[in-house]
Amino acid sequence: MGSFIFFGSAYGQNAKSVDTIQLKPIQVAPHTYFVQGFAEMGSSANQNFISNAGFVVTPAGVVVVDALGSPILAQKLIAEVKKITSQKVVAVIVSHYHADHVYGLQEFKKIGAKIYAQGEGRNYLSSETARQRLIASRVDFAPWVNTNTNLISADVWIDQKLKLSIGVVDFFISRVGPAHAPEDLMIYVPSEKVLFAGDLVFRGRIPFVGNADSKGWLKGLDEIEKFNPNIVIPGHGNYSVKPSEDIAFTRNYLKYLRESMSAAAINMDPFEDAYKQADWSEYEGMPLFRAANRMNAYNVYLSIQAE
């Protein structure tokens with residue numbers, strides 16, 4: 001693919017961004033690979049490479065899960081797939097429509113892949129939130145996300161479940177939630193004993209809760225364990241060979257948010273008092289604690305009031 005070096009006055013007087021980001025697929029099962037994003041906030045420096053993506057090579061084509069956080073990253077992922085197999089990418093499954101997972105979709109669309117996502121994603125695509133986020137991202141992640149970057153709709157909208165068979169490989173796609181997002185999907189590949197969990201599972205960093213349904217999210221974690229996978233690929237962080245142990249981190253964090261905020265939320269006591277009284281010592285040394293934890297707690301505080 002050559003080097004990606006962008007020069008241009010369109011991005012400001014001193015605009016010059018040299019591409020140093022490399023994607024290194026890790027093989028986790030006979031035909032399954034994933035790339036791991038950084039435990040950071042998205043930025044121009046990291047090209048918004050803060051989430052994971054994965055792919056499964058089948059005799060009838062490659063199935064990708066999630067499209068990464070910028071078109072340039074998707075181009076690199078496509079190039080890495082080509083190094084591993086001559087099979088074309090035929091499908092992309094979107095775990096949920098958050099920016100760090102979908103801004104690369106247009107590159108997969110260009111090469112003819114069919115896009116699958118859960119139907120609630122249509123609401124996000126048509127929302128003012130999505131429009132404003134993209135406008136901001138074109139500034140925050142320039143030049144890698146820019147005016148040529150667009151939100152891409154799915155070709156196939158899934159309601160609750162879909163069994164997608166590509167060649168001899170089955171992909172069991174299930175709606176979860178609303179949980180982390182209204183349109184969360186998890187993807188289980190029984191022939192590989194691999195489950196793609198999207199942002200239902202975080203490893204090595206504080207989860208992003210945002211406007212999540214924390215109660216639904218906890219139920220979703222139980223659903224993952226029912227499949228009894230050998231490998232879980234999370235939306236953020238390293239893959240897991242001990243799913244029950246590693247899922248416990250996300251579960252315990254969500255439970256603690258709910259426990260520490262519940263009384264104050266129900267009694268209409270001030271959020272700040274509840275936040276100060278909570279013991280965050282288990283989490284405060286983790287990546288993105290300062291960036292995310294207070295916001296996570298506040299959103300859980302508000303959501304408990306609305307339950």
Measure the shortest side-chain to side-chain distance between V194 and Y239 over non-hydrogen atoms and say whether it is less than 4.5 angstrom.
no
Got L185 and R175 here, is their nearest side-chain heavy-atom distance under 4.5 Å?
yes
If you define the side chain from C-beta out and look only at heavy atoms, does anything of F227 sit under 4.5 Å from P243?
no
Between atom CG of D184 and atom CD of Q118, what is the distance when rounded to the nearest 0.5 Å?
9.0 Å
Is it the case that over 12 heavy atoms from other parts of the model lie below 6.0 angstrom from the CZ atom of F271?
yes
Please check this pair: side chain of N146 against backbone of R138, looking for a donor-acceptor N/O pair closer than 3.5 Å.
no
Tell me whether N48 contacts the main-chain N or O of I50 through its side chain, where contact means a donor paired with an acceptor under 3.5 Å.
no
Report whether F49 and V145 are members of the same hydrophobic cluster (ILVMFWY, side-chain heavy atoms less than 4.5 Å apart, transitive linking).
yes
Surrounding CD of E225 (heavy atoms of other residues, nucleotides or ligands, distance under 6.0 Å), is the total greater than 12?
yes
When you measure from the side chain of E80 to the backbone of K83, do you find a donor-acceptor pair of N or O atoms at a distance under 3.5 Å?
no
Rounded to the nearest 0.5 Å, how far does CD1 of I158 lie from OH of Y116?
8.0 Å
Side-chain ion pair, R294 and E272, N-O less than 4.0 Å:
yes
Counting only heavy atoms not in N211, do more than 12 fall under 6.0 Å of its CG?
no
Taking NZ in K193 as the centre, count heavy atoms belonging to other residues, nucleotides or ligands within less than 6.0 Å. Is the count above 12?
yes
V232 and A197: which non-hydrogen atoms are nearest, and at how many Å?
CG1-CB, 3.9 Å
More than 12 heavy atoms from other groups under 6.0 Å of CE on M295:
yes
Run the salt-bridge test on D246 and R203 with the 4.0 Å N-O cut-off and return the result as yes or no.
yes
Check the side chains of E183 and N123 for a donor-acceptor pair under 3.5 angstrom, ignoring hydrogens and angles.
no
Give the ring-plane orientation class for H180 versus F208, where under 30° counts as parallel, over 60° as perpendicular and anything between as tilted.
perpendicular
Indicate yes or no: at least one non-hydrogen side-chain atom of F196 is less than 4.5 angstrom from one of T32.
yes
Are any of the side-chain heavy atoms of R258 and L218 separated by less than 4.5 Å?
yes
Go through the side-chain N and O atoms of S95 and D66 and say whether any donor and acceptor fall under 3.5 Å apart.
yes
Give the ring-plane orientation class for Y283 versus Y256, where under 30° counts as parallel, over 60° as perpendicular and anything between as tilted.
tilted
When you measure from the side chain of W144 to the backbone N and O of P71, does any donor-acceptor pair fall under 3.5 Å?
no
Aromatic rings F202 and W217: how do their planes relate, parallel, tilted or perpendicular, breaks at 30° and 60°?
tilted
Closest non-hydrogen atoms of Y275 and F289, given as atom of the first, atom of the second and distance, are OH-CZ, 4.1 Å
Would a 4.5 Å heavy-atom cut-off, applied to side chains only, mark T149 and S70 as touching?
no
Say whether Y301 and D269, considering side chains only, have a donor N or O and an acceptor N or O under 3.5 Å apart.
no
Other residues, nucleotides, ligands: >12 heavy atoms within 6.0 Å of K109 NZ:
yes
Less than 4.5 Å apart, side chain to side chain, heavy atoms only: is that true for E107 and L77?
no
Using every non-hydrogen atom in the two residues, find where S260 and A274 come nearest and quote the distance to one decimal.
O-CB, 4.2 Å
Do we see a donor-acceptor contact under 3.5 Å between the side chains of H96 and D199?
yes
